[in-house]
Structures are given as structure tokens and as C-alpha cells.
Novice: 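Sending over a structure as C-alpha cells; questions will come in a sec.
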Amino acid sequence: MIRILLAEDDAVMREYLGRALERSGYHVTSVDRGTAALPLLESERFDLLLTDIVMPEMDGIELAQKAQELAPGMRVMFITGFAAVTLKAGNAMPQARVLSKPFHLRDLVLEVDRLFDTGTANELI
């Protein structure tokens, strides 16, 4: 099963995204900030880091850079509601995908499916 580490500081959004991904067959571990993700990255294996960019304590870009040091093969997808931050993310981690808020859950699942070449989006909600 594909394992996703979701870092999102907005509790409602974190629950919403986590539930949609789990319904689509992914195993999701959620944290409310980047600094909470680091110990998990050190002790567990994840296939994808799905992170908001703008978060307190440690932004998603810094988290993704540290995650790549800890787990070089892990894929990264950013979610953000700020267009200017999207450019910064693309420059910092050009191999990462960026999904801009607002987005439909189907769009998120389709992007994750594409990363792992699965077809679960048709089963969503």
C-alpha cells in the first residue's frame, strides 16, 4: 500500500484531504506542521510527502528539502493557495508537483494516482 505523509496546518483541510486519500486506497499519516513530520520521516517509510507550503515553524519547502535528505526516493507534492509561493516551490524543488488551492478532491487523487500510476480516482466519493 502506498504511504503518504500529509503535512497541513489547517485541521479541516487536513481531515478532508486525508479522508479522500484513504477512501482511494492510500495509507495516510497526518501532521499539523513540518516539525511534527520530521521524526516520522526519520522512523518510518513514506512514498509521498504531501505538504502545504505555508505553515508555522517550518514551511513546506524546507520540510521537503529535509525530507529528501532523509528519504531521497520519496516523491513530493506541494499544495498551496498562494500563486507567488508556487513559483518559489517550483524553483526550490523542480521535480515536485504543485497543486494550487482551491482544488477538487478528484484533482488531488488524480495527481497522486499519476505519481504512482494507479487508477483509484474513479472510486473517489
Side-chain angles (χ1 to χ4, degrees):
M1 178 179 282
I2 293 171
R3 298 192 56 187
I4 299 172
L5 178 56
L6 170 62
E8 167 62 65
D9 61 318
D10 181 283
V12 173
M13 180 66 85
R14 187 173 58 250
E15 179 68 25
Y16 185 65
L17 298 177
R19 192 174 322 133
L21 290 164
E22 286 174 349
R23 284 183 183 158
S24 296
Y26 297 104
H27 179 272
V28 180
T29 300
S30 300
V31 295
D32 63 353
R33 60 193 183 284
T35 52
L38 289 178
L40 294 172
L41 288 166
E42 292 171 347
S43 64
E44 298 181 42
R45 183 195 62 78
F46 295 95
D47 302 294
L48 173 65
L49 171 62
L50 176 61
T51 180
D52 190 3
I53 295 176
V54 179
M55 294 185 293
E57 296 180 21
M58 173 186 288
D59 71 29
I61 295 171
E62 184 181 356
L63 171 60
Q65 290 169 334
K66 290 183 184 285
Q68 288 299 291
E69 293 171 12
L70 295 168
M74 185 176 54
R75 295 175 179 164
V76 175
M77 183 183 298
F78 294 113
I79 50 178
T80 186
F82 301 96
V85 176
T86 300
L87 294 173
K88 181 180 174 188
N91 290 334
M93 302 214 43
Q95 74 280 15
R97 302 251 175 125
V98 180
L99 195 58
S100 296
K101 295 176 189 174
F103 53 82
H104 191 277
L105 286 177
R106 182 171 299 282
D107 296 331
L108 170 66
V109 175
L110 281 171
E111 284 299 314
V112 174
D113 286 352
R114 283 186 197 120
L115 281 174
F116 296 103
D117 197 27
T118 67
T120 62
N122 292 330
E123 302 164 17
L124 178 64
I125 304 174

Novice: Mind running side-chain contact (heavy atoms from CB on, under 4.5 Å) on L17 and L105 for me, showing each step along the way?
Specialist: CA-CA 7 Å; L17 298 177; L105 286 177; 4.0 Å; yes

Novice: Is the shortest distance from a Lys or Arg side-chain nitrogen in E22 or R19 to a carboxylate oxygen in the other one below 4.0 Å?
Specialist: no

Novice: Return the OG1 to CD distance between T35 and E57, rounded to the nearest 0.5 Å.
Specialist: 3.5 Å

Novice: Work out which heavy atom in V109 is nearest to a heavy atom in A20; give both atom names and the distance.
Specialist: CG2-O, 4.3 Å

Novice: Measure from the side-chain N and O atoms of D9 to the backbone N and O of R33, and report whether any donor-acceptor pair falls under 3.5 Å.
Specialist: no

Novice: Name all residues meeting the side chain to side chain contact (heavy atoms under 4.5 Å, CB included) criterion together with R14; count only those two or more places apart in sequence or in a different chain, and write none if there are none.
Specialist: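 For R14 the side chain to side chain contact (heavy atoms under 4.5 Å, CB included) partners, ignoring immediate neighbours, are L6, E8, A11, S30, D32.
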
Novice: Going from CG on D52 to OG1 on T80, what distance comes out if it is rounded to the nearest 0.5 angstrom?
Specialist: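 Going from CG on D52 over to OG1 on T80, the span is 6.0 Å.
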
Novice: Under 3.5 Å, which donor-acceptor pairs do the side chains of residues 67-75 form with other protein atoms, sequence neighbours left out?
Specialist:
unit_1 : atom_1 : unit_2 : atom_2 : d
Q68    : NE2    : M74    : O      : 2.8
R75    : NH1    : L115   : O      : 2.1

Novice: Taking all heavy atoms of D59 and all of I61, pick out the closest pair and write down the distance.
Specialist: OD1-N, 3.0 Å

Novice: Work out which heavy atom in L5 is nearest to a heavy atom in A37; give both atom names and the distance.
Specialist: CD2-CB, 3.8 Å

Novice: To check you understand the geometry: which heavy-atom pair defines the closest contact between F78 and G60, and what is its length?
Specialist: CE2-O, 3.4 Å

Novice: Could you state the interatomic distance from OG1 (T51) to CD (E62), rounded to the nearest 0.5 Å?
Specialist: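 Answer rounded to 0.5 Å: 11.0 Å.
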
Novice: Answer yes or no: is there a side-chain heavy-atom contact under 4.5 Å between L108 and M77?
Specialist: yes

Novice: Drop me the distance from L63's CG to L41's CG, to the nearest 0.5 angstrom.
Specialist: 6.5 Å

Novice: With the side chain counted from C-beta on, respond yes when L40 and F46 share a heavy-atom pair under 4.5 Å apart, and no when they do not.
Specialist: yes

Novice: Roughly how far, to the nearest 0.5 Å, is CD1 of I2 from CZ of F116?
Specialist: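 Output value for this atom pair is 5.0 Å.
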
Novice: Please check: side-chain N/O of D10 versus main-chain N/O of M13, any donor-acceptor pairing under 3.5 Å?
Specialist: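 Side chain of D10 to backbone of M13, a donor-acceptor pair under 3.5 Å: yes, one is there.
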
Novice: Between L50 and L21, what is the shortest heavy-atom contact and its length?
Specialist: CD2-CD1, 3.7 Å

Novice: Let me confirm one number: the NE2-CG distance from H27 to D47, rounded to the nearest 0.5 Å.
Specialist: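 It is 11.0 Å, given to the nearest 0.5 Å.
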
